[in-house]
A.B. asks: 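Have a look at this one before I ask anything.
Proteins get letters first, then strands, A, B, ... in listed order; numbering begins at 1 in each.
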Amino acid sequence: MVAAQFEPVLSDLRHLCEIAYPLEACGALVGTGDGERIPWRVTRVISAPNRHSDDKHRYYLIAPELQLAVEREAEQAGEQVLGYFHSHPDCSALPSDCDRAQAWPGYLYVICSVVNARTVGIAAFAKVSQDGPFLRVPVAPNGPVQQSTLEIT
Amino acid sequence: MPVTILIPTPLRRFVGGSKSLEVIAGTVQGALTTLSDRSPELRRQLFDDQGHLRSFVNVFLGNENIRDLAPAGAAVAVQDGDVLTLLLAIAGGAPTANELSTDELRRYSRHLIMPEVTLEGQKRLKRARVLCVGAGGLGSPLALYLAAAGVGKLGIVDFDVVDLTNIQRQILYSTADVGFRKLDAASERLRQLNPEIEIVPHPIRLSSENASELFRQYDIVADGTDNYPTRYLINDVCVLTGRPNVYASVFRFEGQMSVFGANRGPCYRCLFPEPPPVGLVPSCAEGGVLGVLPGIIGSLQALEVLKLILGIGEPAVGRLLLFDALELKFHELPIRRSADCPACGKHPSIVAPVDYESFCGARGGEAPQDERGIPSISVEDFERRRKLGEEFLLLDVREPFEHAIVMIPGGIAFPLSELPARLHELDSARTYTLSCHHGTRSRQAYYRLKLAGFEHLQILSGGVNAWVEKIDPNLPSY
């Protein structure tokens, strides 16, 4: 799969996930591309309040009202919502069953592993079809570097 | 009424990639029905079998969620020019530590059906954290099999770059990886092999300062290194942190493997309290190794790691397994835990990692020769002085098959193996410069000639390897 580029936004992403710790952070990834013919290029990350009613340490939910606002804002800026991110507090950056089941093909999903309020791994995934596997998308911090997980030391 | 419907990215493929569509309808429900008439697949995405809008689909009329406008699903009228926005619920969560996904159950099905493994064993593998030190000949099959088997967290320590001479045995890499960092290439390869596990690259040189903290993050350490300082460092830190050390080494056609520091068994120092004298044991770079050999021995390491995690069988604790590839024979040497062992004995003298470079005689046989008082000359100096007219008698102590690959111009083929029989050809009154592939054998030749009464000797630093690299890159290297 073509690498998703994250121009200067990886530090923003880490920061958002770290300040939400020990709760799950979540939000939208805005930019250009479709991940197929044109590589995804994430230019902005937009934080969303975690609206999960039960356990915000282990689950997240983004309010549809916020989705609507972000969709419109991105459209006006000539961009689009490429996908969504969330964090896994004290857990690896690999998708859970829940993440896999609720993932939509066509969206880019980014997961940040945050341990003791520090981001220790970032991984991106996408589905090609509804029943297909959740495939890993290489994350390129600045340009098309073939590196799928960033090790933050 | 004409109404515009905005389609979210995941649903656009059902409507020919369109971002928005215009339909004629009097209600929101009518508009959605008209939309879904275009594609039965889209209908299944939007509505359940009873025709109700699915819970994970949100529809906004302008700024209002229709579930707020009509909580019971009543019809909501639309006006000319209204905009409907479809949104798909975005939710998920962190994995629970002890679950296996449907994909994982299928991936590991050949494990799961074995009564020695079962679902419980596979979960143990998933929870396990294994550190592979070195991603070379041994580390390649080791990491590949551990990743494939589903070891949940696989750390890899290496700071090297893939070289063309690695590809003959280091099956983690392909020719296209030459010149790139081993860790980058290895991580990518392992993630492709098994995206279900966590690969943690550690781009560091393992040292007395960083090893303890690193080892504590893992349950088992597997030693795939090829030098004595690191081997003793791994052993000592494994003993100090209580981590089993799955050890192996290979040379030419022989391999050895054991599990140290586990189940109250012996450690590497119980077997070898001190390293051999520098230069006595050539490295693989000097002596060579048959490419498949690390494949066999590294796979045995993987086997022992898996057995330790699963708690099955008889791990190679208290025995050193020796493999002779030419004879195709395995031998076993019993090893006992030594009460006097400086690392794991009754009164250990090693209570913290020491300076392994000096303990093993500076980098296990690859240090600049002058550090040990052997007269040496750099390839640059040698070439410069030769160009100025100085004459050198350059004895190339590599073996004939190596001479056939490349020779330094003016070198005299004088294999180390033939040295005792051909001593009479040399004149102890003259000065000889000794050269080999990159330094170890010329030092051995130096000591032998010294013992035979030769006084005027020097070695060519870095040997033919340095010559090709620094003086004539057009010559072949190996």
A.B. asks: Applying a heavy-atom distance below 4.5 Å, give me the residues of residues 66-77 of chain A that approach chain B, sorted by number.
C.D. replies: A/Q67, A/L68, A/E71, A/R72, A/E75
A.B. asks: To the nearest 0.5 angstrom, please state how far the CD atom of A/E65 sits from the CG atom of B/N63.
C.D. replies: 10.0 Å
A.B. asks: Which atom pair, heavy atoms only, marks the closest approach of B/L87 to A/P64?
C.D. replies: CD1-O, 3.4 Å
A.B. asks: Go through A/L94, A/D34, A/I111, A/D90 and name the one with the most non-hydrogen pairs under 4.5 angstrom from chain B.
C.D. replies: A/L94
A.B. asks: From B/R13 CZ over to A/S129 OG, what is the distance, rounded to the nearest 0.5 angstrom?
C.D. replies: 7.0 Å
A.B. asks: Any non-hydrogen side-chain atom of B/P195 less than 4.5 Å from a side-chain atom of A/F125?
C.D. replies: no
A.B. asks: Please report the shortest heavy-atom distance between A/L61 and B/A91, naming the atom on each side.
C.D. replies: CD1-CB, 3.7 Å
A.B. asks: Is it the case that more than 12 heavy atoms not belonging to A/R51 sit under 6.0 Å from its CZ atom?
C.D. replies: no
A.B. asks: I'd like to know if B/E198 pairs up with A/R136 as an ion pair, taking the criterion as any Lys NZ or Arg NE/NH1/NH2 lying under 4.0 Å from an Asp or Glu carboxylate oxygen.
C.D. replies: no
A.B. asks: Using non-hydrogen atoms only, which part of B/Q192 is less than 4.5 Å away from chain A: side chain, backbone, both, or neither?
C.D. replies: neither
A.B. asks: Around B/Y145, counting heavy atoms of other residues, nucleotides and ligands shown, do more than 12 lie under 6.0 Å from its OH?
C.D. replies: no
A.B. asks: Can you tell me if A/W104 uses its side chain to pair, donor with acceptor, with the backbone of B/I90 under 3.5 Å?
C.D. replies: no
A.B. asks: Can you tell which part of A/Y60 gets under 4.5 Å to a heavy atom of chain B, answering side chain, backbone, both or neither?
C.D. replies: both
A.B. asks: Is chain A contacted by the side chain of B/I197, its backbone, both, or neither, given a heavy-atom distance below 4.5 Å?
C.D. replies: backbone
A.B. asks: At a heavy-atom separation under 4.5 Å, does B/T85 approach chain A through its side chain, its backbone, both, or neither?
C.D. replies: side chain
A.B. asks: Name, in order of residue number, those residues of residues 14-22 of chain B that have a heavy atom at a distance of less than 4.5 Å from a heavy atom in chain A; otherwise write 'none'.
C.D. replies: B/K19
